[in-house]
Amino acid sequence: MYFTFITGLTIGYGDFVPKHFISRLAAVVIGIDGVVLMGLIAAIAVRALDTPPSDK
């Protein structure tokens with residue numbers, strides 16, 4: 001869980017390093033997913049802050 005969190009947020013402290021091919025591949029996929037998800041979260045936050053309040 002720690003490795004996924006650190007890799008997904010692209011922090012990468014380097015205290016855990018995958019040694020096998022399949023785990024390195026998983027780390028790359030987790031890293032790419034993390035970049036995409038953080039971009040999505042940032043886009044949603046900007047959209048929410050940019051939208052004017054509706055008059056009801």
Side-chain angles (χ1 to χ4, degrees):
M1 194 68 181
Y2 170 77
F3 178 75
T4 304
F5 180 74
I6 297 301
T7 304
L9 292 177
T10 65
I11 296 170
Y13 293 127
D15 50 350
F16 290 112
V17 180
K19 298 192 184 340
H20 302 292
F21 174 75
I22 200 77
S23 58
R24 287 182 183 194
L25 185 63
V28 169
V29 170
I30 291 169
I32 292 171
D33 286 347
V35 170
V36 170
L37 289 176
M38 290 305 290
L40 183 64
I41 291 169
I44 291 170
V46 168
R47 187 82 179 255
L49 292 173
D50 192 37
T51 306
S54 60
D55 295 327
K56 288 188 178 182

> Does Y2 OH have over 12 foreign heavy atoms under 6.0 Å away?
Replying inline: yes
Exercise answer: donor-acceptor pairs, residues 22-31 side-chain atoms, under 3.5 Å, sequence neighbours excluded:
from : atom 1 : to  : atom 2 : distance (Å)
S23  : OG     : H20 : N      : 3.3
S23  : OG     : H20 : O      : 2.9
R24  : NE     : P18 : O      : 3.1

Please tabulate, for side-chain N and O atoms in residues 33-50, each donor-acceptor pair with protein atoms closer than 3.5 Å (sequence neighbours left out).
none

>> Could you walk me through whether F16 and I6 satisfy the side-chain contact (heavy atoms from CB on, under 4.5 Å) test, starting with their C-alpha distance in whole Å, then the side-chain angles of each, then the deciding distance to 0.1 Å, before giving a yes or no?
In response: CA-CA 10 Å; F16 290 112; I6 297 301; over 6 Å; no
